[in-house]
Each structure stands twice: as structure tokens, then as C-alpha cells.
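First comes the structure, then the notes that go with it.
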Amino acid sequence: MSKVSVLRYVAIAALLVTGGYAFGEAYGTFECMGVVADLPGGYTVGDISEVRVFIDDAGVWKRQQDAVRVGFEDYYASSVFGLEPDTSYDFKVEFYDNVPALVDTQYLTGVTRAETGIPTPLAEVYVSTAGSDGGAG
């Protein structure tokens with residue numbers, strides 16, 4: 001199994017099955033999201049000329065960078081940047097054939113990771129900057 005294939009299955013992911021054929025996922029870091037979409041059923045990579053990625057921005061689909069084929073695999077990937085931590089995002093992935101005509105649309109949802117916080121210490125210790133100043137600690 002390739003490194004990319006392993007990443008696909010261990011990533012924090014939101015999954016979607018479209019028409020029983022295609023599989024897609026969106027997985028987030030703090031401020032960006034990876035979007036991966038499988039080749040639609042009944043099509044070969046030679047049939048697909050363009051894979052567009054959109055993000056839902058308050059009900060308006062805004063185009064992001066297009067997805068590209070990953071190596072010799074039958075899926076496409078893109079990254080979306082400038083997102084907010086700990087936030088859910090909806091994506092639309094459109095596949096176009098060589099005409100180009102829209103042949104498939106996949107909808108995905110992913111969540112960026114929450115910001116990490118500094119944990120509360122178990123205890124606080126006073127350290128004198130002068131060596132010994134009579135403080136507790």
C-alpha cells in the first residue's frame with residue numbers, strides 16, 4: 001500500500017458515497033483542509049479533463065484550486081487554505097470530461113482541528129531570581 005493510500009485511511013476524515021460509486025473525503029488541520037475525491041464510476045482517468053473544487057461560503061459555492069490526479073491512483077486531491085480552526089466546511093467536487101461537460105458531482109464535509117491549548121499546570125513552583133530571597137519555594 002502506498003504512503004498516500006495509507007494517509008487516506010488514517011486521516012481524520014468525513015466520508016461520502018455518491019451513487020454507490022465514488023468515495024471522497026475531506027480532512028483538516030488547523031487552518032487548511034485536504035479534499036480527496038475518487039474517479040466517478042464508469043469513467044477512466046483519460047475521460048476526465050478537469051476536477052473543480054468549491055467551498056460553501058454562506059450558501060455561495062466559491063471555487064478553490066482544482067484537484068489533480070494523485071500519482072497513478074484513480075483519485076484526485078486538492079488543498080484549501082485560510083480556514084478557521086475547529087470549524088465544519090462543506091465542499092463540492094465537480095468532474096468534467098474532455099468536451100468539457102460536467103459528468104459527476106460529489107459533496108463532502110470536513111472539520112478543521114481545534115487549536116491546542118496550554119494545559120493547566122499541576123503545581124507552580126516559585127524560583128528566586130537572586131538565589132535566596134526568602135520566598136516560599
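Along the sequence shown, the residues carry numbers beginning at 1. These values consider heavy atoms only, across backbone and side chains, with no hydrogens, waters or symmetry-generated copies.
- Annotation: ring pair (Phe, Tyr, Trp, His ring centres under 6.0 Å) contacts of Y76 (sequence neighbours excluded): F95.
- Every side chain to side chain contact (heavy atoms under 4.5 Å, CB included) that A101 has, sequence neighbours left out, goes to D97, V99.
- Ion pairing between R52 and D66 fails under the 4.0 Å rule for side-chain N and carboxylate O.
- Under the side chain to side chain contact (heavy atoms under 4.5 Å, CB included) criterion, D86 pairs with A114, sequence neighbours left out.
- For D74, the side chain to side chain contact (heavy atoms under 4.5 Å, CB included) test picks out L39, V45, R69, with sequence neighbours left out.
- Of all heavy-atom pairs between D47 and G42, the closest is OD2-O, 4.4 Å.
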Requested in this report: Evaluate side chain to side chain contact (heavy atoms under 4.5 Å, CB included) for Y89 paired with V111, printing each intermediate quantity in order.
Outcome: CA-CA 6 Å; Y89 291 93; V111 179; over 6 Å; no
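- For D56, the side chain to side chain donor-acceptor pair (under 3.5 Å) test picks out no residue, with sequence neighbours left out.
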Requested in this report: Any chance you could lay out the side chain to side chain contact (heavy atoms under 4.5 Å, CB included) test for Q106 and F91, step after step, and finish with the verdict?
Outcome: CA-CA 8 Å; Q106 298 176 26; F91 300 95; over 6 Å; no
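- Remark: side-chain polar atoms of S49 are not paired, donor with acceptor, to backbone N or O of P100 under 3.5 angstrom.
- Hydrophobic cluster membership for L102: Y96 (Ile, Leu, Val, Met, Phe, Trp, Tyr linked by side-chain heavy atoms under 4.5 Å, directly or transitively).
- Within the 4.5 Å cutoff, side-chain heavy atoms of S88 are placed close to those of T109.
- Atom CD1 of I55 and atom NZ of K62 lie 9.5 Å apart (nearest 0.5 Å).
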Requested in this report: Might you work through the salt bridge (Lys or Arg N to Asp or Glu O under 4.0 Å) test for E84 and R113, ending with a clear yes or no?
Outcome: CA-CA 9 Å; E84 294 295 322; R113 294 181 185 176; over 6 Å; no
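- Every residue meeting the side chain to side chain contact (heavy atoms under 4.5 Å, CB included) condition with S78, not counting sequence neighbours, appears here in chain and number order: V53, Q65, A67.
- Listed by chain and number, the residues in a side chain to side chain donor-acceptor pair (under 3.5 Å) with T120 amount to none (sequence neighbours excluded).
- To the nearest 0.5 angstrom, L108 atom CG is 9.0 Å from D90 atom CG.
- Here the side chains of V51 and V93 are in contact, with some heavy-atom distance below 4.5 Å.
- Every residue two or more places apart in sequence or in another chain was checked for a salt bridge (Lys or Arg N to Asp or Glu O under 4.0 Å) with E31, and none qualifies.
- For the residue pair E94 and F54, the shortest heavy atom distance occurs at OE1-CE1, 3.3 Å.
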